[in-house]
Amino acid sequence: MERDNIMLSFKGNVTSELLTPVLQIMESKMEKLNEPSKIKKKVYNILVEALQNLYHHLDKQPDTAPQGHNTVIFMIGKTEEAYSIFTGNYISNENAGKLKNRIEKINSLEPDELKAYYKEVLNNGMMSDKGGGGLGMIDIARKSGQRLDFDFQRVDEKFSFYSLNINIPQ
Amino acid sequence: MENLVIEGTPKTPTIKFSPEEGKLLIQGRSIPENSIDFYKPLVDTLEQYSDGPKDATKVDIVLEYFNTSSSKCILDVFKKLEKINSAGGGVAINWHYEEDDEDMLEAGEDYQAIINIPFKMIEIEE
């Protein structure tokens, strides 16, 4: 992502109070750029999922996690061809393994299989206490129409840094 | 039974349910971080309504955005309605989507495939 193309970037703690203005800023920026309603909605939807993933992830951080590990980063950018949303956060190595498996499963599916998988997870009755129940990543893959581009960097024996780079073609 | 009215906010939709008229409207944005708390009053009210529903219940879903946290709760709402429908309550769901919003149309079709209630997809012209 080239520096000039960054529309918004953030490093710090994610709270519910932060997400609302971030979404409002992005909405008004896209409004000013006269983006077609279709792309505006797609970017907005994916951004909601990506940022709420960060937010819910923080909720789940164990109390033993070092202080700085609550820090997340996100960056939203735009080129001629696509919008990009980058997120990064620390994750325990144990959860990193589980998340990697889930993402790899999602990436192995073709669009029609992804649609079927979404319906299966939607209808399986499992719900996290926040309501999502594992649909967020499937939704991001479906709406962006791209494979999930992710990375896990091992920090130490307990933690990794997880990053996700979402591309939304215009 | 009393009407249920919840005013919309930037993150949650307007909900209007009139048991007397057999009409439910969900309109706006549904992107709260925690949807379960938000939808609980509606799910509870529908459970109560299912004891003595009208002959026909008309449901209008006019959502601009909804997150995946809301999607399971919306399914819960539809499951309550499905129960009413299969008991002879005559439920009809109108799923409104804006012109060109294929994602919202597809989301409606996903529910249509899961829930045994007649769905009508209605395009909102801009």
Side-chain angles (χ1 to χ4, degrees), chain A residues 14-21 23-24 27 36-59 111-112 114-145 168, chain B residues 8-13 28-43 62-80 82-83 96-117 119 123-126:
Chain A
V14 169
T15 59
S16 175
E17 292 70 31
L18 172 80
L19 295 187
T20 310
L23 292 169
Q24 279 165 352
E27 205 174 12
S37 150
K38 194 177 166 174
I39 185 83
K40 227 163 45 191
K41 287 197 169 180
K42 216 176 253 297
V43 171
Y44 189 87
N45 258 308
I46 292 172
L47 190 61
V48 168
E49 293 305 325
L51 297 183
Q52 291 186 345
N53 271 352
L54 286 177
Y55 170 80
H56 290 314
H57 165 77
L58 278 188
D59 256 5
D112 52 334
L114 205 54
K115 187 181 170 76
Y117 185 48
Y118 180 91
K119 279 188 274 191
E120 184 193 318
V121 176
L122 175 63
N123 200 22
N124 71 4
M126 305 247 294
M127 210 188 257
S128 73
D129 51 0
K130 300 295 185 303
L135 283 171
M137 296 302 285
I138 307 173
D139 196 52
I140 290 171
R142 255 184 105 180
K143 292 211 166 99
S144 69
I168 308 157
Chain B
T9 73
K11 280 189 173 173
T12 55
R29 297 179 174 201
S30 185
I31 54 166
E33 284 86 26
N34 185 342
S35 306
I36 295 176
D37 291 347
F38 175 75
Y39 280 95
K40 193 174 186 302
L42 177 59
V43 171
V62 196
L63 287 172
E64 192 188 355
Y65 296 111
F66 68 95
N67 61 359
T68 54
S69 170
S70 300
S71 60
K72 288 216 174 194
C73 297
I74 294 169
L75 183 66
D76 276 354
V77 168
F78 287 161
K79 290 216 160 146
K80 294 282 174 212
E82 187 179 41
K83 208 172 93 184
H96 302 256
Y97 65 99
E98 275 178 34
E99 204 182 348
D100 287 347
D101 192 351
E102 286 155 25
D103 290 335
M104 191 55 81
L105 172 62
E106 205 168 337
E109 288 168 351
D110 288 347
Y111 285 118
Q112 188 175 26
I114 295 171
I115 295 293
N116 192 18
I117 298 177
F119 265 71
E123 189 178 292
I124 309 164
E125 286 177 29
E126 282 174 44

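Keep in mind that the numbers below use all heavy atoms, side chains included, and drop hydrogens, waters and symmetry copies. Here is how names work: the chains are called A, B, and so on, in the same order as the sequence lines, proteins then strands, and each is numbered from 1.
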Check: Is the side chain of B/E123 donor-acceptor paired with the backbone N or O of B/E99 at a distance under 3.5 Å, no angle test?
Finding: no
Checklist line | Part of B/I114 within contact of chain A (heavy atom distance under 4.5 Å) | finding: side chain
Next item on the list: With sequence neighbours excluded, tell me which residues meet salt bridge (Lys or Arg N to Asp or Glu O under 4.0 Å) with A/K41.
Entry: B/E98, B/D101
Margin query: Run the side chain to side chain donor-acceptor pair (under 3.5 Å) test against B/E64 and tell me which residues pass, sequence neighbours left out.
Written below: B/R29
Check: Side chain, backbone, both or neither: which part of B/A107 has a heavy atom under 4.5 Å from chain A?
Finding: neither
Checklist line | Nearest atoms (heavy-atom pairs only) where A/E49 meets A/D139 | finding: CG-OD2, 3.6 Å
Next item on the list: Check whether A/L23 gets within reach of chain B through its side chain, its backbone, both or neither, counting any heavy atom under 4.5 Å.
Entry: side chain
Notebook entry, point to check: Using non-hydrogen atoms only, which part of B/Y111 is less than 4.5 Å away from chain A: side chain, backbone, both, or neither?
Noted result: side chain
